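Everything below concerns the one structure shown next.
Since the structure is predicted, the reported quantities are computational estimates derived from the model, not experimental observations.
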Amino acid sequence: MLLDYEVLKLIWWLLVGVLLIGFAIMDGHDIGVCTLLPFVGRDDVERRVIVNTIGPHWEGNQVWFITAGGAIFAALPLVYATAFSGFYWALIAALWALFFRPVGFKYRSLIKNPTWRNTWDWLLLVGSAVPALIFGVAFGNLLLGVPFSFDQNLVSTYTGSFFELLSPFALLCGVVSVAMLTMQGGVYLAHRTIDGIQARAKTGATFAAIITVLLFVAAGFWVRSLDGYVISSVIDTNALIDPLSKQVEQQSGAWLNNFMAYPVLWLLPALGVLMPLISVGLLKINQTLSAFVASSFGILGIIATAGVALFPFYMPSSSDLRSSLTVWDATSSQMTLFIMLLVVIFLLPVVVAYTSWGYAVMRGKVTKAYIKENEKTLY
């Protein structure tokens, strides 16, 4: 027997959020490590230590990114189509930057030339920081509203431009994203290294955590003055894809409505503020694994805060309010969501299991001595 359609829509809203948070935590620490690479590593050996903390894992962590994209494609086809057309150039820029990561990991240490290796170090930074910035900017634009509309055949038209995406609020969200993932990478690096590298990683993580908290709070106060979106008509939560069947209005401060209606949800932004600071405190007493857990909960709090603020919207439309895509009118059929749910129930534990096994097998510190002893077999 199929689950109720409304319930399936809510489950998939949660699952997409879980996959995005999983991507930010797992692939996020890879991104953060590479963002810190040219600054924490003082010489080539130290930079090889840094790269080898994530070298065995970064490809496996990409599964979260690919799975999240696949889930959006299959479960939220209108969201996928509209986002990839509207944010086309931004996403192309992110993908081009991401190309530097696999190539950089494979090519960096193949030639013993300082210029060659230093160039790839900076390209790894670009391939990490630029996508992090763009993903944050995308979230910021969702809160501002995206200029798209649908005709009666549900063909979308995007009327914005690439540079219109780079508004001050969206850029603030982008910097929060970069700082958040840099914090995660710094904490992970502190856990996997020793001595000078670890000390500098702690400093980088501490600075990034403080910036994350300050800018997250600033973004929160800014959101209070933004025009949020609310559904002003009765909506059929069991209907098939039909975004034009509703009425939507803009109201100042409406992005805080869910928090006002359910005060327990304030725990999410509280996590986003407190956990990075707790992570900093744990780093000071050298509890690096606990610091990584705290940092991960901080990421959960920040992303979940944005998701709850937007709910039930996926993509609000600033040019045609009723074209806004929501949980109730932008999902695939009931049968599709149910079959996909069964697949996720089977595959997600597999992903978590082999990821956990991989980290357990390759745990421990990466040191300069280890790098020198395995010169030809490591990154």
Side-chain angles (χ1 to χ4, degrees), residues 20 22-70 83-84 87-139 162-163 165-166 171 173-186 188-189 192-193 197 200-201 204-205 208 299 366 371 377-379:
L20 291 175
F23 164 67
I25 291 173
M26 298 306 299
D27 205 33
H29 72 257
D30 296 345
I31 289 172
V33 166
C34 289
T35 302
L36 289 171
L37 175 61
F39 309 107
V40 174
R42 294 290 175 83
D43 56 38
D44 182 61
V45 175
E46 289 192 348
R47 292 183 179 184
R48 290 196 71 192
V49 168
I50 292 168
V51 170
N52 277 277
T53 62
I54 58 175
H57 305 292
W58 74 270
E59 288 178 294
N61 291 335
Q62 294 287 309
V63 169
W64 292 95
F65 182 47
I66 296 168
T67 304
F84 271 75
F87 297 155
Y88 181 80
W89 289 110
L91 291 171
I92 286 294
L95 289 173
W96 273 102
L98 284 169
F99 290 162
F100 290 127
R101 284 164 53 80
V103 180
F105 284 123
K106 299 298 183 184
Y107 283 5
R108 183 201 178 276
S109 298
L110 293 180
I111 299 177
K112 287 188 176 181
N113 179 285
T115 302
W116 170 270
R117 293 186 174 184
N118 188 58
T119 299
W120 281 114
D121 291 339
W122 285 98
L123 289 176
L124 282 170
L125 181 151
V126 170
S128 300
V130 169
L133 178 70
I134 290 174
F135 295 150
V137 166
F139 261 100
F162 173 78
F163 291 103
L165 298 175
L166 305 179
L171 287 172
C173 294
V175 177
V176 170
S177 175
V178 174
M180 176 181 74
L181 300 186
T182 302
M183 168 191 69
Q184 183 79 343
Y188 177 79
L189 195 56
R192 295 295 311 278
T193 58
I197 302 175
R200 290 189 291 275
I299 290 175
V366 181
I371 294 296
T377 59
L378 298 177
Y379 290 93

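Nearest heavy-atom pair, Pro38 versus Asp121, reported as atom, atom and distance to 0.1 Å: CG-O, 3.9 Å. Shown here for Ala68 and Leu20, the closest heavy-atom pair between the two residues is CB-CD2, 4.1 Å. When all heavy atoms of Asn113 and Thr115 are compared, the pair lying nearest together is OD1-N, 2.9 Å. Between Ala94 and Pro131, the closest heavy-atom pair is O-CG, 3.7 Å. The heavy-atom pair separating Ser128 from Cys34 by the smallest distance is OG-CB, 3.0 Å. Minimum heavy-atom separation, Arg192 to Thr53: NH1-O, 3.2 Å.
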side-chain contact (heavy atoms from CB on, under 4.5 Å) assessment of Asn61 paired with His29: CA-CA 10 Å; Asn61 291 335; His29 72 257; 3.8 Å; yes

Worked check of side-chain contact (heavy atoms from CB on, under 4.5 Å) between Val130 and Phe100: CA-CA 11 Å; Val130 169; Phe100 290 127; over 6 Å; no

Verdict with supporting geometry, Asp44 and Arg108, side-chain contact (heavy atoms from CB on, under 4.5 Å): CA-CA 11 Å; Asp44 182 61; Arg108 183 201 178 276; 2.7 Å; yes

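Ile134 CD1 to Leu95 CG: the interatomic distance, rounded to the nearest 0.5 Å, is 8.5 Å. Between the CD1 atom in Ile50 and the CZ atom in Phe39 there is a gap of 11.0 Å [rounded to 0.5 Å]. In this structure, CD1 on Ile299 lies 3.5 Å from CD on Gln184, to the nearest 0.5 angstrom. The CD1 atom of Ile25 sits 9.0 Å away from atom CE of Met180, with the distance rounded to the nearest 0.5 Å. For the atom pair CG (Leu165) and CZ (Phe163), the distance works out to 10.0 Å, reported to the nearest 0.5 Å. Atoms CD1 and CZ, from Ile92 and Phe162 in turn, are 11.5 Å apart once rounded to the nearest 0.5 Å.
Taking the side chain as every heavy atom from C-beta outward, Val103 and Trp120 approach each other to under 4.5 Å. Looking at heavy atoms from C-beta onward, Leu125 lies out of side-chain contact with Leu37 at the 4.5 angstrom threshold. No side-chain heavy atom of Phe135 sits less than 4.5 Å from a side-chain heavy atom of Phe139. The side-chain heavy atoms of Asn118 and Arg47, taken from C-beta on, include a pair separated by under 4.5 Å. Put simply, the side chain of Phe105 reaches to within 4.5 Å of the side chain of Ile54, judged on heavy atoms. A 4.5 Å side-chain heavy-atom check between Leu181 and Thr35 finds every atom pair outside the cut-off. Taking 4.5 Å as the limit, some side-chain heavy atom of Arg117 sits within range of a side-chain heavy atom of Arg48. With contacts defined as side-chain heavy-atom distances shorter than 4.5 Å, the pair Pro102/Trp58 qualifies.
Heavy-atom neighbours of Phe99 CZ from other residues, nucleotides or ligands within 6.0 Å: above the threshold of 12. In Trp96, the CH2 atom is not crowded: 12 or fewer heavy atoms of neighbouring residues, nucleotides or ligands sit closer than 6.0 Å.
With sequence neighbours left out, the side-chain hydrogen bond (donor to acceptor under 3.5 Å, both in side chains) criterion links Gln62 to Asp27.
With Asp43 contributing its side chain and Glu46 its backbone, the two residues share a donor-acceptor pair below 3.5 Å.
Taking the six-membered ring for Trp, Trp89 and Phe84 have ring centres at least 6.0 Å apart.
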